[in-house]
Structure formats: structure tokens, C-alpha cells
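Heads up: the structure comes next, in C-alpha cells.
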Number of protein chains: 2
Amino acid sequence: MDPQARYEELIEKLHQRQYRLTPQRLALLHLLAASENHPSATQLFEKLRDQYPTMSFGTVYKTINLLKEMGEVLELGFSNDDNHYDGNKPYPHPHLICTSCHKISDTEIELPQSLVAEVSSTSGYKITRNRLDFYGLCPQCQNKA
Amino acid sequence: MDPQARYEELIEKLHQRQYRLTPQRLALLHLLAASENHPSATQLFEKLRDQYPTMSFGTVYKTINLLKEMGEVLELGFSNDDNHYDGNKPYPHPHLICTSCHKISDTEIELPQSLVAEVSSTSGYKITRNRLDFYGLCPQCQNKA
DNA sequence: GTGCTTGCAAACAGTTTGCAGATAG
DNA sequence: CTATCTGCAAACTGTTTGCAAGCAC
């Protein structure tokens, strides 16, 4: 989705729930609406601090958690690394993660729904979401080697 | 693989690298060789403490990290929850995670290799491993509802 | 004006590290 | 005998929480 349209959509959704649209929140929404690079909380914090020198991690996390509860941001959690966020496509989708430069990209393909159905029927689980990550070397890092 | 056979295989692999086979390590290997329930470090620690009251987290983690370096244990990291381990099938394979009772199970199906090939060719990545988790309600938790 | 939000600092949880004493080989 | 391992405690990192002051509405 177009980042600007997504930004306006996020504002509208916060407004509907009567959450306050502070300048700090608007700036964070703007970053998350264009988050195809899947930034971490630290990366978001650092960009926001340029505009708002008093910006704190607490504020970043509180707003992100608000959006998570609303289902409007996808959190990609890792055990070692810090979490990364996608506010443009908040629904589960597969990712490519470069093991050298650590960048996170979307894939062009989706997890086939038939596979989900097969797992559901063989296991008896009522499957609600999934997480699929591919780890490897991105084209640029292959050339560096 | 049969847990007893896997246990002996792990002992042999540590022996080959001239790591010392302390009683604490053997007990941990024994648990990990039969880890179809994907225990966390805390769960492993608690079971080990029954046999070795002086057992510490440091020891558990140090041995797990040794096995990780050797590629003999699969670590399933989560951002909120603690990490879980599989020493029986140390290679990547899809998991089912119950969102109610939080148990982790293996699936009967594998991620199709054709899908990996497709992602690799459309993205140009040299893919080395993957992670696939399905979240949902297990059959038992569906009945409780 | 009201009460949600910010900003700061302290708390928190899981994991890692450092070091002295213990022990496998 | 000696290098590695254990066990303890402190350090570390990313995230969460509590509270007083600030500001959106």
C-alpha cells in the first residue's frame, strides 16, 4: 500500500478509538507507514529523536504496543536481535533475512494456503497465523564474498 | 530418531571434539536427545536440578551453546517467551504452537523444497535455512473452550 | 479542565560472562 | 597434573512499568 495512504489510514484508526494524535505519535505513524525496511525500535527511536530530542524508548514502545493491540503493526521478534516492525503490511507474510548484512525484505511469494490447510487437517489445530522466514545471503552480500 | 540412539550419537560427537563428558552434560544430553516436547532452558534446568541440586543456568546455557555451535541442537527463539530447544531433530522443521497452552509440536509435513527454490530464484538470495511456525489452538484447547 | 501521553529512570526477564574452586581425562 | 567445566553472582540487552509533569481535546 502507498505509504501516504497507509499513514492517513493509521491516523483515522487511532482517531476512531479516540487515542490522542500527539506530534510524536504522528511522526512514528509516518515512519511505520513506510516501513518496508522493517525497522527496529532502536532505529525508529533514533530517527524520531532527530525531530524530537526528548523522545524516549518508553514512548516508542507504548505506541507500538498500542498499534499491536489494534493489529495495525506486524512485530517480527527474534531471540538475539531486537524486534523489527512493519506498519505498512501488518498481516503475516514471509521474509528474507540476510545473514550477512541483516537486512529484512519481503518475498514475492506467499505461503500457499493449501499448505496451511494440510497442516491444519493433519494436526487438528485451528491455525490462526503463521511466521515464515528464509535466511541466506542477499545478492549484494554474495558479490562481496 | 530413537532418543537412546540420539543420546549415544551426541556423546560420540562431543567425544570426537574432545569435550569433557561431565555427569551434568550427560544428563543434559539425555534430556535433549528426547526433546520432542521442545523444552526451554528453564524447563531443562529444573529437571536437571532434581538430579544435581547445584546445577546452574550458566552450565545449562554453556552446554547448549556448545551444541548450537556444533549444529546439534535447534534453537527456537521467541521475542517474548524464552527459547526452546530440540536436540533430537537439530535441523529446521516447521512447528505448531498452541496459543492457549503454549505447547510446541512438530508438523507431519515439511516446507516444500520447490517453495524454497522459488523464493531463491525470484529474490536472488542464496537460502541456507528457514523457520516456519504455525500458531493456533490445539485440539485439546479447542475442546476446553 | 480532564485525563491521556510523554519522558525519565528504575525494574524486569532471559541470557551471557568472569572467576575461583572442582574434576575429567 | 592440567586444562576444561561448574557454580555462583554480577553484568548485559531489549522491553516494560511507574510516576510526575505536559498537553490534546
Side-chain angles (χ1 to χ4, degrees), chain A residues 10-29 31-32 38-70 73-85 102 104, chain B residues 10-29 31-32 38-70 73-85 102 104:
Chain A
L10 285 172
I11 291 174
E12 177 55 24
K13 295 210 172 182
L14 282 183
H15 186 71
Q16 277 168 16
R17 303 207 184 195
Q18 306 191 19
Y19 289 126
R20 294 191 180 165
L21 296 169
T22 65
Q24 294 91 329
R25 279 195 179 162
L26 291 175
L28 180 55
L29 294 186
L31 289 180
L32 284 174
H38 306 79
S40 65
T42 303
Q43 291 167 333
L44 291 165
F45 166 71
E46 285 172 353
K47 282 200 183 177
L48 291 167
R49 196 178 39 183
D50 294 345
Q51 289 180 68
Y52 301 93
T54 60
M55 173 66 57
S56 72
F57 270 101
T59 300
V60 173
Y61 280 114
K62 279 167 193 163
T63 300
I64 287 176
N65 285 337
L66 209 67
L67 293 167
K68 270 202 297 182
E69 279 164 31
M70 294 167 62
V73 71
L74 179 71
E75 181 178 65
L76 296 176
F78 300 93
S79 45
N80 311 316
D81 209 352
D82 39 9
N83 295 346
H84 288 69
Y85 300 92
H102 303 109
I104 303 175
Chain B
L10 285 172
I11 290 175
E12 178 56 23
K13 296 211 173 182
L14 282 184
H15 186 71
Q16 277 167 17
R17 304 208 183 195
Q18 305 190 20
Y19 290 126
R20 295 195 178 162
L21 296 167
T22 65
Q24 293 91 331
R25 279 196 179 161
L26 290 174
L28 180 55
L29 294 187
L31 289 180
L32 284 174
H38 305 79
S40 65
T42 303
Q43 291 167 333
L44 291 165
F45 166 71
E46 285 172 353
K47 281 198 184 179
L48 291 167
R49 197 177 39 183
D50 294 344
Q51 289 180 67
Y52 301 94
T54 60
M55 174 66 57
S56 72
F57 270 101
T59 299
V60 172
Y61 280 113
K62 279 168 194 163
T63 299
I64 287 175
N65 284 337
L66 208 67
L67 293 167
K68 269 203 295 183
E69 280 164 30
M70 295 168 59
V73 72
L74 179 71
E75 182 179 65
L76 297 176
F78 300 92
S79 45
N80 310 318
D81 208 352
D82 39 9
N83 295 347
H84 286 69
Y85 300 92
H102 303 109
I104 302 175

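Convention: sequence-line order gives letters A, B, ...; per-chain numbering from 1.
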Practice problem: Rounded off to whole Å, could you give me the CZ-to-P distance for the A/Arg25 and C/dC4 pair? | Solution: 11 Å
Quiz prompt | A/Thr63 backbone acceptor or donor facing A/Arg25 side chain under 3.5 Å | solution = no
Self-check item: OP1 or OP2 of D/dT4 under 4.0 Å from side-chain N/O of B/Thr22
Solution: no
Quiz item: Contact class for A/Pro23 vs. all strands (heavy atom < 4.0 Å): base, sugar-phosphate, or nothing?
Solution: sugar-phosphate
Quiz prompt | Side chain A/Glu46, main chain A/Gln43, donor-acceptor under 3.5 Å | solution = no
Self-check item: Closest to the B/Leu21 side chain, choosing from C/dT6, C/dG7, C/dG25
Solution: C/dG25
Quiz item: Which whole-number value in Å describes the distance from A/Ile11 CD1 to D/dC25 P?
Solution: 11 Å
Practice problem: Please tell me which of the listed nucleotides, D/dT17, D/dG14, D/dT6, lies nearest to the side chain of A/Asp82? | Solution: D/dG14
Quiz item: Got a sec: does the NZ of B/Lys47 have more than 12 other heavy atoms crowding it under 6.0 Å?
Solution: no
Exercise. Could you check which of C/dC8, D/dG7, C/dT16 has an atom nearest any side-chain atom of B/Asn65?
Key: C/dT16
Quiz item: Roughly how many Å is it from CD in A/Glu69 to C1' in D/dT16, rounded to a whole number?
Solution: 13 Å
Quiz item: Which nucleotide sits closest to the side chain of B/Tyr19: D/dC5, D/dG18, D/dG7?
Solution: D/dC5
Practice problem: May I ask you to verify if any side-chain N or O of B/Gln24 is less than 4.0 angstrom from the OP1 or OP2 atom of C/dT23? | Solution: no
Quiz item: Roughly how far, to the nearest 0.5 Å, is the NE2 atom of A/His84 from the CD1 atom of A/Ile104?
Solution: 4.5 Å
Self-check item: Residue A/Arg20, side-chain atoms from C-beta onward, closest of C/dA24, C/dT6, D/dC25
Solution: D/dC25
Quiz item: Under 6.0 Å from the CD atom of A/Gln16, do we count more than 12 heavy atoms belonging to anything else shown?
Solution: yes
Practice problem: Would you mind classifying the nucleic acid contact of B/Asn83 as base, sugar-phosphate or nothing, using non-hydrogen atoms under 4.0 angstrom? | Solution: sugar-phosphate
Exercise. Quickly work out the A/Leu26 CG to C/dC4 C1' distance and round it to whole Å.
Key: 15 Å
Exercise. Verify the contact: side-chain N or O of B/Gln18 to OP1 or OP2 of C/dA24, cut-off strictly under 4.0 Å; return yes or no.
Key: no
Quiz item: Within the pair B/Thr54 and D/dC8, is there a side-chain N or O less than 4.0 Å away from OP1 or OP2?
Solution: no
Quiz item: Please give, in whole Å, the distance from C/dT16 C1' to B/Leu66 CG?
Solution: 15 Å
Quiz item: Between A/Thr59 and C/dG7, does any side-chain N or O lie under 4.0 Å from OP1 or OP2?
Solution: yes
Quiz item: Rounded to whole angstroms, how far apart are OH on B/Tyr52 and P on D/dG7?
Solution: 10 Å
Quiz item: Rounded to the nearest Å, what distance is computed from the NE2 atom of residue B/His15 to the C1' atom of nucleotide C/dA24?
Solution: 12 Å
Quiz item: Can you tell me how far C1' of C/dA22 sits from CE of B/Met55, to the nearest Å?
Solution: 14 Å
